[in-house]
2 protein chains.
Amino acid sequence: MNIGDASERSGLPAKTIRYYEDIGLLKPGRSGNGYRHYSTADIHRLKFLQRSRSLGFSVEECRQLLSLYGDSHRESADVKAIAEVKLVEIDCKIAELVGLRETLRHLVDHCHGDERPECPILDGLSAEEDQPANQSTTH
Amino acid sequence: MNIGDASERSGLPAKTIRYYEDIGLLKPGRSGNGYRHYSTADIHRLKFLQRSRSLGFSVEECRQLLSLYGDSHRESADVKAIAEVKLVEIDCKIAELVGLRETLRHLVDHCHGDERPECPILDGLSAEEDQPANQSTTH
DNA sequence: CATTGACCTTCCAGTGACTGGAAGCCCTAG
DNA sequence: CTAGGGCTTCCAGTCACTGGAAGGTCAATG
């Protein structure tokens, strides 16, 4: 199977598949003409990558998960630990975004949004009182 | 005021402040020795940037907001429009993350997480049925 | 047999928003 | 006079791709 088919079956763009090979996430065979060819096992790995990436795992986490995936002596506790950390991260991100939404909603609700220049949104952005000056809180 | 003080007062790292200057978001003066010096107006712009960035506006959106900020003939409707688009984006992101959390939570809850290799998380990642193979859905 | 067009290859560069680090100047205190 | 801290510029790296150029391969068509 060539990269085009692999792309279609895995749901990943061909460019991304080549990139994953570059960084060592899989090693497809090569035909005589230099074309990559993908086995069904390769397709499984690609689908696995597509799913775990879309669940918010970083590429490095996917690498870990893939190695556990291919290890018949793995312990499910190892996998669960990774997933639970990710769950916490997702929860944090949601909480952060909800906070942002509240703040922005508040600003938007107080702006009449007409032809006049008075704008509580800009006022809010230029002088909010309640947060201390700190370096790089967001990461 | 030198860049160190500007950093402290704005809550932005000095590197970031120089970067913002690089991309044309502000133009502080220079002292005889080549050091940048920041007026109180500069500090206001920096704080404005810090706040709007932390609210999820992209640097380009911040550039727009800054230009509205400095335009006494602005119409508050323009600002509100930008903010409302951002609100929708934040809502989308939250919804997406909540979906991720549900899926991952489901997988985690079904994994006993012990020394055995059986793992519903890996199973779920390797063969989930209900999503079609499509290119780059997430953005 | 030549050509077209789709598909494949490699390589290089760009994205966004910084961040790290090296090499070197400036200023003040001891 | 030296040590330190702060400032300067410039270059490279991050993450996970993505775009594009230049060119090789293949199957089908005229």
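Within every chain, numbering begins at 1; the chains are lettered A, B, ... in the order of the sequence lines, protein sequences first and strands thereafter.
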- Item | Between dC18(C) (C1') and Asp22(B) (CG): distance, integer Å | 11 Å
- Under the salt bridge (Lys or Arg N to Asp or Glu O under 4.0 Å) rule, collect the residues that match up with Arg101(B), sequence neighbours excluded. Asp91(A)
- Message: Is Arg30(B) close enough to dT9(D) that one of its side-chain N or O atoms is under 4.0 Å from OP1 or OP2 there?
- Response: yes
- Task: Give the B/S/- string for nucleotides 12-17 of chain C, one per nucleotide from 5' to 3', where a protein heavy atom under 4.0 Å of the base yields B, of only the sugar-phosphate yields S, and otherwise -.
- Result: -----B
- Between CZ of Arg18(A) and C1' of dA16(D) the distance, given in whole Å, is 16 Å
- What are the residues of residues 32-41 of chain B, sorted by number, that bring a heavy atom to within less than 4.0 Å of DNA chain C? Asn33(B), Tyr35(B)
- Any ion pair linking Lys93(B) and Glu96(B) (charged N to carboxylate O, less than 4.0 Å)? no
- Could you give the CD-to-P distance, from Glu61(A) to dC15(D), as a whole number of Å? 12 Å
- Message: Run Ile82(A) and Leu68(A) through side-chain contact (heavy atoms from CB on, under 4.5 Å) and show every step you take.
- Response: CA-CA 11 Å; Ile82(A) 295 173; Leu68(A) 289 167; 4.0 Å; yes
- Applying ring-ring contact (aromatic ring centres under 6.0 Å, His included) to His110(B) and not counting sequence neighbours gives His106(B)
- Could you state the atom-to-atom distance from CG of Leu46(A) to C1' of dA16(D) in whole Å? 16 Å
- Counterpart residues, side chain to side chain donor-acceptor pair (under 3.5 Å), relative to Glu89(A) (two or more places apart): Lys86(A)
- Residues that Lys47(B) engages under side chain to side chain donor-acceptor pair (under 3.5 Å), provided they are two or more places apart: none
- Item | Value in whole Å for how far the C1' atom of dT19(C) lies from CD of Glu21(B) | 17 Å
- Query: Per the end-axis method with five pairs at each terminus, what is the bend angle of the helix from dC1(C)-dG30(D) to dG30(C)-dC1(D), to 10°?
  - Reply: 30°
- Note on the structure: Applying ring-ring contact (aromatic ring centres under 6.0 Å, His included) to Phe48(B) and not counting sequence neighbours gives Tyr69(B)
- Query: Does any pair with a residue in residues 70-83 of chain A pass side-chain hydrogen bond (donor to acceptor under 3.5 Å, both in side chains), and if so which ones, sequence neighbours excluded?
  - Reply: Ser76(A)-Asp114(B)
- Item | For atom CG of Leu49(A) and atom P of dC17(D), their distance in whole Å | 9 Å
- Who are the ring-ring contact (aromatic ring centres under 6.0 Å, His included) partners of Tyr38(B), not counting sequence neighbours? none
- Message: I need the CD1-P distance between Ile3(A) and dA6(C), as an integer number of Å.
- Response: 18 Å
- Item | salt bridge (Lys or Arg N to Asp or Glu O under 4.0 Å): pairs with one or both residues in residues 10-31 of chain A, sequence neighbours excluded | Glu21(A)-Arg30(A), Glu21(A)-Arg36(A)
- For Asn2(A) and dT9(C), give me the distance from atom CG to atom P, rounded to whole Å. 7 Å
- Item | Any residue meeting side chain to side chain donor-acceptor pair (under 3.5 Å) with Arg53(A), in chain and number order, not counting sequence neighbours | none
